[in-house]
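Take a look at the structure below.
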There are 4 protein chains.
Amino acid sequence: MERDVIRRGRLTGERTGEMMHFLSSMGADRYIADADILVDIAHVLMLSRQKIIGYEPARQLLTGLLDFYDNGIPAAAFDDRFEDIHAGIESLLISTIGEEAGGRLHIGRSRNDEVATCLRLRVREDVIRQLSILISLRQVLLNLAEEHIETIMPGFTHLQYAQPTTLAHHLLSHEAAFSRDFQRLWGALSRVDQCPLGAAAFASTSYPIQRELTTEMLGFGGVLENTMDAVGSRDFALEVLSDLSIMMAHVSRICEELVIWSSNFARFVELDDAFCSTSSIMPQKKNPDIAEVMRAKAASVIGSMTSALAITKALPMSYNRDLQELTPGLWRGIQDAKHSTRLLIDMLSTATFNSSAMAAEAGKGYSTATDFADMLVQKHNFPFRTAHTLVGKAIQNGTLDLPSLDSAAREMGIPPLSTTGITPSDVSDALDVRSSIDRRRAPGSPSPFAVKISISSRQKVLSEDSAMLDKRQTSYSDAIQRLIRDARKEAGL
Amino acid sequence: MERDVIRRGRLTGERTGEMMHFLSSMGADRYIADADILVDIAHVLMLSRQKIIGYEPARQLLTGLLDFYDNGIPAAAFDDRFEDIHAGIESLLISTIGEEAGGRLHIGRSRNDEVATCLRLRVREDVIRQLSILISLRQVLLNLAEEHIETIMPGFTHLQYAQPTTLAHHLLSHEAAFSRDFQRLWGALSRVDQCPLGAAAFASTSYPIQRELTTEMLGFGGVLENTMDAVGSRDFALEVLSDLSIMMAHVSRICEELVIWSSNFARFVELDDAFCSTSSIMPQKKNPDIAEVMRAKAASVIGSMTSALAITKALPMSYNRDLQELTPGLWRGIQDAKHSTRLLIDMLSTATFNSSAMAAEAGKGYSTATDFADMLVQKHNFPFRTAHTLVGKAIQNGTLDLPSLDSAAREMGIPPLSTTGITPSDVSDALDVRSSIDRRRAPGSPSPFAVKISISSRQKVLSEDSAMLDKRQTSYSDAIQRLIRDARKEAGL
Amino acid sequence: MERDVIRRGRLTGERTGEMMHFLSSMGADRYIADADILVDIAHVLMLSRQKIIGYEPARQLLTGLLDFYDNGIPAAAFDDRFEDIHAGIESLLISTIGEEAGGRLHIGRSRNDEVATCLRLRVREDVIRQLSILISLRQVLLNLAEEHIETIMPGFTHLQYAQPTTLAHHLLSHEAAFSRDFQRLWGALSRVDQCPLGAAAFASTSYPIQRELTTEMLGFGGVLENTMDAVGSRDFALEVLSDLSIMMAHVSRICEELVIWSSNFARFVELDDAFCSTSSIMPQKKNPDIAEVMRAKAASVIGSMTSALAITKALPMSYNRDLQELTPGLWRGIQDAKHSTRLLIDMLSTATFNSSAMAAEAGKGYSTATDFADMLVQKHNFPFRTAHTLVGKAIQNGTLDLPSLDSAAREMGIPPLSTTGITPSDVSDALDVRSSIDRRRAPGSPSPFAVKISISSRQKVLSEDSAMLDKRQTSYSDAIQRLIRDARKEAGL
Amino acid sequence: MERDVIRRGRLTGERTGEMMHFLSSMGADRYIADADILVDIAHVLMLSRQKIIGYEPARQLLTGLLDFYDNGIPAAAFDDRFEDIHAGIESLLISTIGEEAGGRLHIGRSRNDEVATCLRLRVREDVIRQLSILISLRQVLLNLAEEHIETIMPGFTHLQYAQPTTLAHHLLSHEAAFSRDFQRLWGALSRVDQCPLGAAAFASTSYPIQRELTTEMLGFGGVLENTMDAVGSRDFALEVLSDLSIMMAHVSRICEELVIWSSNFARFVELDDAFCSTSSIMPQKKNPDIAEVMRAKAASVIGSMTSALAITKALPMSYNRDLQELTPGLWRGIQDAKHSTRLLIDMLSTATFNSSAMAAEAGKGYSTATDFADMLVQKHNFPFRTAHTLVGKAIQNGTLDLPSLDSAAREMGIPPLSTTGITPSDVSDALDVRSSIDRRRAPGSPSPFAVKISISSRQKVLSEDSAMLDKRQTSYSDAIQRLIRDARKEAGL
């Protein structure tokens with residue numbers, strides 16, 4: 001291993017392997033190694049433009065860095081006897097191009113701002129990808145809803161059949177939640193997308209650096225101004241973890257439904273075999289393992305966020321090494337969220353919904369009793385609460401038909417319904433499932449009428465979100481391409 | 001107690017006090033009781049305008065509700081033998097104005113949409129107040145920074161003296177964090193500010209309600225469309241708790257600093273007596289208790305958020321009673337955050353910063369060693385890494401003066417500095433604290449030059465945020481005033 | 001309000017109501033007020049026996065304290081302008097019996113050790129009660145198991161029917177979990193039951209106190225020796241919260257089952273009406289609300305524990321005011337756990353299990369397919385994995401009968417079963433549900449044979465646990481009675 | 001890769017790499033691979049002894065397994081296209097020794113009981129090691145205390161100087177906390193050390209297995225009886241994570257002290273260079289990075305525990321795949337705790353405590369003011385509260401000398417002290433630091449007298465704990481050696 005060039009001056013003391021392993025962020029640094037090369041390149045270009053370093057060292061540094069960019073960072077840079085990847089890359093560069101040039105890479109910056117910049121570059125990329133997955137997930141839900149506008153099913157509250165609804169209505173509820181997840185992450189992106197470079201250790205530097213220049217080169221939305229804040233704050237990471245935790249709570253809710261709906265109890269849905277496992281002992285089993293793991297992943301991301309907040313709590317300014325421990329949980333949370341949502345897309349789009357089983361259940365459990373009470377209000381001017389009590393009593397007495405209602409009315413001391421001209425067919429009409437659904441036409445309601453309007457307006461929102469995302473993504477990749485092109489030019493390559 | 005009108009129909013079974021207490025949300029419902037009256041009024045007005053109820057019951061209902069609005073909700077409504085405040089208010093109304101009118105209050109809605117609307121109305125108010133506190137807090141920090149542009153202090157990394165900075169620079173780092181907290185909560189507000197009313201149990205209703213009307217009456221930003229999502233989602237609460245958790249992490253960081261800075265070790269700050277406690281046994285003690293409690297409150301809010309996420313995880317659609325358990329933690333989180341930030345404003349503005357103690361420490365711990373290394377780079381063309389190693393070795397050998405540097409140079413096999421024309425006064429010039437600070441002029445840096453620019457730009461952002469907030473606040477209170485006026489008119493009052 | 005006697009010396013500074021409310025622990029102190037009187041009495045008795053205070057002040061102090069003990073602490077002591085109940089009681093005593101005697105109460109102690117002692121006394125009582133509830137809960141589960149030894153039901157993995165089992169077997173799995181919860185809390189009790197009194201602020205005192213004496217008077221198991229640890233540690237609270245979190249996770253699992261089992265899907269259980277709610281709009285609804293709230297309470301206790309750990313994290317020695325913020329969550333966690341388990345006892349013992357519905361489902365989903373594979377292994381010497389694959393393929397092809405098995409065998413290139421002498425009745429015998437259960441006779445298995453043995457051995461363990469608990473409970477109450485008797489004697493009452 | 005033999009029967013459906021990676025527990029399974037071989041060996045031996053499999057397949061299976069035991073498990077078994085290591089090992093065995101023998105490995109068990117047994121074997125080993133590290137850590141603290149019986153330092157409450165104490169007293173407070181951590185983990189061990197093998201999928205098996213036999217072979221303390229509980233419970237893991245979280249909170253407290261004590265503010269301790277890092281830019285920096293990372297690790301373990309609880313919450317019986325997601329966090333928690341405590345031992349034993357700096361501070365901040373108040377009580381019969389107020393006022397007025405006290409007395413309307421015969425030398429005697437410490441002689445107090453007694457009694461407890469641990473450790477390793485010896489014999493090796 002190359003000598004760690006940072007430590008060699010100030011400190012003595014032999015370090016054991018355990019110590020180095022404990023302190024090293026190398027494991028997590030793999031996530032930001034590519035970002036680090038970009039940050040190094042932008043920094044060197046800026047140093048050169050500001051004449052802080054001369055042409056020759058700039059050329060040598062850029063040549064070395066572009067080599068890593070083009071051919072990958074050598075494995076030696078990841079040795080965990082380096083404290084981190086930044087020490088690894090700088091040490092390797094020095095050993096390749098010599099200290100005369102390589103020793104100038106770190107002019108006017110510190111690992112503190114360097115790390116913060118790398119984290120933000122990488123998280124920016126991750127958030128963009130997650131947003132893009134959310135677009136696809138919402139599209140799948142809208143497509144499924146489109147297919148199931150007429151699919152009738154029991155709607156639930158408290159996991160009890162409540163009132164009939166349509167599968168489309170149910171699926172749109174999930175789309176609505178994921179669209180807010182999209183909004184939240186989009187909001188977070190604006191706080192991720194700020195450039196801390198130039199903050200150095202926390203007090204910036206006496207070199208005539210130009211922070212706006214590196215900010216622009218890396219495609220950032222703005223300079224993260226206060227230099228103490230720039231290195232000492234991690235609320236961008238806490239916010240992303242929070243947003244992902246909330247999103248994963250939504251994922252877990254849909255997974256819980258898929259587990260219950262695919263159970264022997266319900267058989268509302270059949271998951272594709274690829275998303276299931278069998279038992280090592282029970283040959284007949286088909287278990288919804290992926291949905292279960294996703295459900296658990298929600299808890300894992302919550303834990304990562306709890307850790308991250310507890311790490312940050314009560315840290316004095318500015319940078320403390322505690323912050324390093326925040327990132328492995330961040331990467332885990334990001335990965336868990338990414339894989340879960342990606343697989344959810346496929347699990348949903350390959351699932352088979354059992355429309356006839358759903359329809360068969362939709363009218364059970366007196367699911368249209370409210371409609372009957374509403375009929376009493378609408379056609380017979382009952383106060384709602386009286387109608388509600390009457391129907392409740394009839395069901396408690398055993399069933400929901402005219403004789404039972406009459407007997408409930410007598411208990412309550414009001415005239416039996418049959419004496420007020422209500423006929424058995426009035427009762428059965430009011431209780432009809434399909435009519436119950438069709439009557440619900442307010443915005444966001446279960447009826448095919450309302451659902452069609454919803455799908456069309458949700459599709460519009462989705463298309464706008466998608467266009468907005470594409471534009472941003474392009475602006476980031478354009479900046480990076482420009483940076484590399486400029487660096488090659490400066491290096492004479 | 002009035003009979004609970006909701007339960008009387010369907011269910012028998014004597015309930016014990018423990019059971020009722022366990023199930024009742026009354027404790028937490030005090031927070032939303034006032035909101036409930038507004039929601040009831042808007043709902044009745046809409047029912048009346050849509051001719052779903054007649055003029056007379058509408059008049060009676062509004063008269064009863066306006067009585068509660070004007071004179072307060074009677075204590076009887078809060079009896080925890082009612083399942084919740086909604087059952088309490090409805091039962092009380094029925095006992096006052098009779099079931100003929102009172103029994104029509106709940107037409108075309110359910111507690112599910114009612115509760116969700118009340119929660120959002122109340123959280124909206126709380127978020128607005130928290131935003132307003134953040135405006136004040138940021139202003140206090142800017143004012144303090146203004147006062148301390150020239151106050152020199154040691155800057156920290158790892159709680160070790162790192163480089164000299166100014167107190168203004170330090171305070172601005174906190175203002176930056178709180179301004180992002182403002183942004184986050186502002187973003188959350190747009191998702192809080194959606195109206196679920198009309199969703200009923202989850203499947204909306206067959207009455208010809210008009211959701212846009214109640215939305216407008218209550219001043220909401222929009223209809224929360226999908227009716228299953230409207231009653232079954234709580235991500236608005238999770239988001240607010242997340243944002244408050246992150247904000248409280250920031251509060252805890254500044255409190256940790258106040259605890260350390262007011263310790264015997266540092267004496268950088270003297271807190272006002274009002275913010276301190278003494279000991280019951282040690283008469284000399286002056287302890288920073290409020291800062292300590294605030295620090296702990298950060299952990300409490302984190303716990304509330306963890307609970308809320310774990311409650312939501314894996315709940316199938318749509319409403320489940322579990323969601324009720326989410327709100328007490330939400331109210332606690334909101335209160336803790338409110339009190340903490342409000343007291344922080346006062347604690348900061350009454351604190352006395354000990355500028356001379358800070359200044360005296362600013363140059364200790366070789367805090368300007370980087371400046372010396374930078375001087376070697378800038379004036380003597382050293383590669384930075386070589387200069388860094390050289391200075392590190394000199395300090396390890398005991399001190400940072402020319403002889404020590406020369407001996408370090410010899411160890412490294414490079415020419416002694418004194419042989420290259422560097423004089424003792426070059427060394428001491430480079431190490432001068434005030435010059436070190438003044439040299440740092442990049443945006444966001446510690447120098448008075450940079451800090452002045454920062455304060456002025458931060459003040460501009462703050463003023464814009466403040467104006468934006470005022471406008472929103474006005475639009476909410478205008479809507480509520482209009483609602484009450486219209487209700488009085490409709491009731492002939 | 002009486003003047004707060006603790007603050008009057010050292011500090012000036014007007015405190016606002018919000019400040020006092022924020023800092024005061026009064027809300028939570030109601031839980032420990034009774035304990036505080038006991039601690040005060042024991043402390044005064046010890047001071048008197050050690051001749052640290054004279055007879056007359058001792059008599060007056062004890063008379064005042066016994067008055068509070070007998071007639072309740074005056075409401076004035078709970079004014080939240082006192083920082084805590086300890087300041088309230090001392091201030092009130094001084095105003096009643098004068099400073100000459102009342103001013104001697106606090107000799108040789110501090111609030112730090114006083115609070116820690118009160119917390120431990122109260123938590124000890126709470127843990128004892130929780131243990132006692134666990135005894136009852138386990139007994140209910142054993143009783144139910146006894147009733148349902150022959151009740152056949154489908155056993156689940158992944159919420160899919162897996163193999164048939166008995167309800168007794170299922171219920172015993174929950175009893176096993178709760179018995180470990182008992183063990184954990186019993187272990188925690190030994191660490192709660194240590195006396196910190198005499199530690200004073202953290203450095204003990206120069207008065208000749210006798211710590212063993214107060215320890216014995218209050219019935220504690222031992223002296224919590226190191227005096228810095230005595231006031232600065234809260235791991236006893238963290239441990240209790242952890243144990244309760246784990247216990248509540250168990251509660252939530254059984255509640256999840258009750259929610260699913262009482263759903264329209266399953267109808268395996270009918271909960272008593274008292275444990276259910278209906279809907280404000282859907283008159284037919286009977287919702288398992290209490291089970292849902294309990295399920296959510298598990299998340300609340302987890303949150304309390306997370307908070308408590310995050311509060312404690314990184315606090316330097318010894319006492320910091322942060323620790324005060326730990327207790328409200330502790331009390332909430334203890335109360336939530338107590339109510340939940342107490343209601344669970346009643347909910348289980350009043351529930352009606354639908355044995356016929358369970359039995360009807362037990363054989364569905366090829367739940368005895370493993371038995372058939374085992375038969376091939378046992379009677380026809382198949383390697384298990386071969387048999388497992390064969391049966392899996394047959395089911396994948398559509399059903400589990402001899403023709404389907406033969407066709408699967410052909411796919412695998414092995415001889416069709418029908419050619420090896422296996423008959424259709426061999427197949428149906430192997431698949432018989434009741435025989436499948438009866439064959440499982442290993443310890444802890446589902447068969448009535450094994451279950452009977454389990455119930456009997458579990459009952460024995462339960463009786464031992466119960467006896468052990470009674471003995472401990474008696475020893476605590478004996479000590480307290482002795483203390484009051486001695487105090488009356490000393491006070492000449 | 002060998003074919004996954006478990007999946008081949010029941011399920012079709014191509015799985016993508018992402019799906020397999022998502023579902024596979026391979027990453028975490030590395031921790032239990034060695035345990036799995038032991039479990040397999042014990043299971044086969046039992047099957048053979050019970051004549052469930054014949055001699056020849058038993059011999060072949062044992063030969064294959066012992067080969068893995070002796071030479072390591074082939075890398076191919078860890079391919080993450082196997083769902084887990086159990087599928088990997090079984091598939092590999094079958095490909096080596098053929099399905100005729102290899103296909104009999106899984107007779108009478110399931111992955112559910114197999115995994116649970118492997119987890120418990122591995123966690124047992126981890127807990128034993130952690131207990132052993134705690135023994136060493138406590139020993140280091142006792143040794144340091146022994147060295148520093150006479151080292152005087154300021155004691156803290158609220159991070160303010162409170163009263164003088166000794167470093168030994170301070171260190172013993174940490175030893176006390178870690179000794180309770182030892183107790184907790186020792187208690188947990190008894191619940192970890194139960195054998196689930198034979199539970200199969202959850203309903204045990206119809207083969208005449210003998211659960212007591214495998215339990216004994218693997219050295220477990222007992223059979224985990226109920227077979228549904230055996231596969232579906234993870235409270236042993238939750239308990240270990242809770243105990244480690246509490247332990248890590250203790251570690252974080254001592255680390256916080258080391259960070260503060262090694263800061264420029266205090267300089268109470270100098271950490272060995274090996275435990276520090278420098279800055280990439282500030283050559284003079286020596287940062288306590290390892291202490292900071294440890295402090296953060298406490299938060300990481302808390303997060304793992306929160307996740308694990310949230311995963312378990314509301315899972316119905318018996319096994320659900322969610323439980324797989326619990327283990328990576330468990331292993332991380334165990335590793336983080338292990339490394340942190342191991343490094344803490346070395347960090348403490350190589351640290352240099354700056355006794356003179358500590359002593360110099362011990363009397364500052366009026367740290368002996370309580371002693372003066374106590375003197376007034378003891379020698380001049382002041383009520384304590386009066387003395388406390390008097391001293392508080394004097395300090396508030398500026399200093400603690402006779403004139404200042406007299407002026408405070410006048411304010412309070414009591415006779416000036418100088419008029420009651422108190423002399424300036426009485427004041428200075430009462431305030432003497434060393435005397436203050438020496439007067440504190442109650443058990444657990446700071447005085448060298450009391451500390452010596454404490455060290456000796458703590459050393460006795462530690463020796464007993466250590467002996468108890470050694471005995472247990474030996475019994476486990478004896479069992480494993482016996483198992484391997486018996487297996488070789490059976491295999492004819």
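Here is the naming used below: chain letters follow the sequence lines, and residue numbers restart at 1 for every chain.
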To the nearest 0.5 Å, atom CG of B:D235 lies from atom CD1 of A:I246 at 6.5 Å
For B:H174, all residues meeting ring pair (Phe, Tyr, Trp, His ring centres under 6.0 Å), sequence neighbours excluded: B:H170
B:F202: what forms a ring pair (Phe, Tyr, Trp, His ring centres under 6.0 Å) with it, not counting sequence neighbours? none
Test side chain to side chain contact (heavy atoms under 4.5 Å, CB included) applied to A:S245 and B:M305, step by step: CA-CA 11 Å; A:S245 295; B:M305 187 204 44; over 6 Å; no
Shorter than 4.5 Å, heavy atoms on both sides: which option in [options] has the most such pairs with chain A?
options: B:E225, B:Q210, B:R253; result: B:R253
options: B:M247, B:H250, B:R184; result: B:R184
options: B:H106, B:R321, B:Q160, B:R191; result: B:R191
options: B:R211, B:E100, B:Q378; result: B:Q378
options: B:L241, B:N320, B:I94, B:L224; result: B:N320
options: B:S242, B:A176, B:A249, B:P443; result: B:P443

Looking at A:R234 and A:D322, is there a salt bridge between them, counting it only when a charged N and a carboxylate O are closer than 4.0 Å? no
Residue [X] versus chain A: region with a heavy atom under 4.5 Å:
X: B:E175; answer: neither
X: B:D181; answer: neither
X: B:S454; answer: both
X: B:A314; answer: both
X: B:Y207; answer: both

Under the 3.5 angstrom rule, does the side chain of B:H169 hit a backbone N or O of B:G444 as a donor-acceptor pair? yes
Are any non-hydrogen side-chain atoms of B:D229 and A:R180 less than 4.5 angstrom apart? yes
